[in-house]
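Report on the structure given below.
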Amino acid sequence: MEFGSRKRYCTLFDLYSEILLDHYRLPRNKGRLDHPTVTVEGTNPLCGDELTLDLEFEGDRLSRVTFDGKGCAISMASASMLTEILQGKTIAEVEKWIADFRAFIRDGHAPEGVEMGDLTALIGVSKLPVRVKCATLPWMTIEEGVRKYRGS
Amino acid sequence: MKTIEDIRRDFPILGLQVNGKPLVYLDSAASSQKPMQVLNAYCGFCESRYANVHRGVHTLAENATADYEDARRLVAEFVKADPRGLVFTRGTTEAINLVAQSYGRKFIKHGQAILLTPMEHHANLVPWQLLAQYTGAELRFWPMTEDGRLDLDGGKKLLDSRVAMVAVTHMSNVLGTINPVREIAEMAHAVGAKVLIDGAQAAPHLPVDIGGIGADFYAFSGHKMCGPTGIGVLWGRPEILEDMDPFMTGGEMIREVWLDHATWAEVPHKFEAGTPPITEAVSLGAAVRYLQQITPEWIAAHDHALTELAWEKLTREPGVTGYGPTDNRGAIVTFNVDGIHPHDLAGLLDREGVAIRAGHHCAQPLMRWLGVQATARASFYLYNTPEEIDRLVDGIRIAKKVLHVV
Ligand SMILES: Cc1ncc(COP(=O)(O)O)c(C=O)c1O
């Protein structure tokens, strides 16, 4: 039997794309709001990611959203992208984005007719179960925030 | 004597290009790579000697049984233990669960104590937690020194006649600490306790002498020592194994079965219910033959030299914190880089073809003790080279640049 005679290589989708690194190095909407309508916290105990989202609602519109926290590049970049996309959206639109993002990560491609923009850079995690939680943390956290706002 | 180049040629996977770079595999503590000698044994056995064991009377059944029992003898010799006490399991985890269930439930009572350490892998912690809940036994934890060793005097204070079991890792899979298991066994026996040693990290890297240690139980996994997955070992003193109840029951492990009761086969077969991982056991035999040929002493010295070098180079890098003792450590360096999450470090190193582990390493209590959520870990084995440590250090520098950490 012969082993090692084949020329072999393997590559992984590059998670650390320039888009992702750009959001990590120059996070959008990072910091705290003075008068948020709702503040939500999310953690990822297994890797220690900690995230705080400040949400400011005007009627059924998310007028402002900022994030603060510490974690890996994936979770921080995902949070930065989230704030950029969801700022100014209606609650219905926010909820649709949350569902679309979920489907995107689960299926490994964008849902029919949805343009994911910078979020496309996160697609690599759908093949890396340990990193899925990093990418989805901000989205699960804002989902909780919307629920809180609706309940109040 | 093989050179390091010869050894590397034995491991086909080391020729792989990962993400366009030659693979640098620094994750052997999680699982080791396999040499051709083991791959050939695996395929060769399936090609020409395979059948079920201990059952048939045909030629193949006899060949397979002979190979399986030869593997038991070879593995027992490798760790200098009586083959009658050598039970094949799926791995360390199953081996420790076997002891916690079959020994623990029968012999460890309410009011007695189980002495563990905070540096245990979950595999040598959770089975005892479950047993403690079941029996009402108490869990005690051996104190540690600041640099991550066991505090022997502190442990002595916890050892009284109520301690029924002392379960300790031979080598920490996070700190690299090599524990003085012979001394620990002596201390435990002095108060009448039994001793289980988790050898998952030690068996691949150190010359192990179970008889010399004086352990009552010793557990390890084949896949970390050049063998396949799905096979591991529980060694137990035959006279203790005889007193224990079976762990799993069914075929292979019985002597006679009636409709309402059954009697058990002799040890070690009493603990090998069902068709065992035959091909895996035979291949583990080939793995220990391979390691024996290189010699555990050579491997230990090689690992030691690499680990010293890695510790020195890594801790000299700005922003790098190393964890665990500074000397006499196993082939593991656990560390963090300021401002870089270990998952990102592992992800960015992977782009450079360097495979390391990041996370809690199945030792969450130890992470809490260290005051961190997660760490990076580089681990070494017989096929690693000093140049690969340079690639690791280069990779860390690249990661810092990419994430703008300076
Ligand atoms: C110290 C230690 N104990 C136990 C285990 C569990 O081994 P396995 O997963 O092969 O059962 C490991 C391996 O991860 C280990 O490093």
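Since we're looking at a predicted model, the values are computed, not measured.
Listed by sequence position, A:R131 are the residues of residues 117-132 of chain A in contact with chain B, using a 4.5 angstrom heavy-atom cutoff. Interface with chain B: from residues 48-62 of chain A, residues A:G48, A:D49 qualify, criterion being any non-hydrogen pair under 4.5 Å. Using non-hydrogen atoms only and a strict 4.5 Å limit, the part of residues 342-351 of chain B facing chain A consists of B:H343, B:D344, B:G347, B:L348, B:D350, B:R351.
Heavy-atom distances place both the backbone and the side chain of B:V402 under 4.5 Å from chain A. Residue contact with chain B, scored on non-hydrogen atoms closer than 4.5 Å, is absent for A:L15. If you measure heavy-atom distances from A:Y16 to chain B, the contacts under 4.5 Å come from both the backbone and the side chain.
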Show me the donor-acceptor pairs, under 3.5 Å and distance only, between side chains in residues 101-108 of chain A and residues at least two apart or in other chains.
unit_1 : atom_1 : unit_2 : atom_2 : d
A:R102 : NH1    : A:E143 : OE2    : 3.4
A:R102 : NH2    : A:E143 : OE1    : 3.0

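The number of heavy atoms from other shown groups lying within 6.0 Å of NZ (A:K89) is above 12. Residue-environment remark: CE (A:M140) stays at or below the threshold of 12 foreign heavy atoms within 6.0 Å. Taking a 6.0 Å sphere around CZ of B:R90, one finds it holds 12 or fewer heavy atoms contributed by other residues, nucleotides or ligands.
In this structure, the separation between CD1 on B:I340 and SG on A:C72 is 12.5 Å, given to the nearest 0.5 Å.
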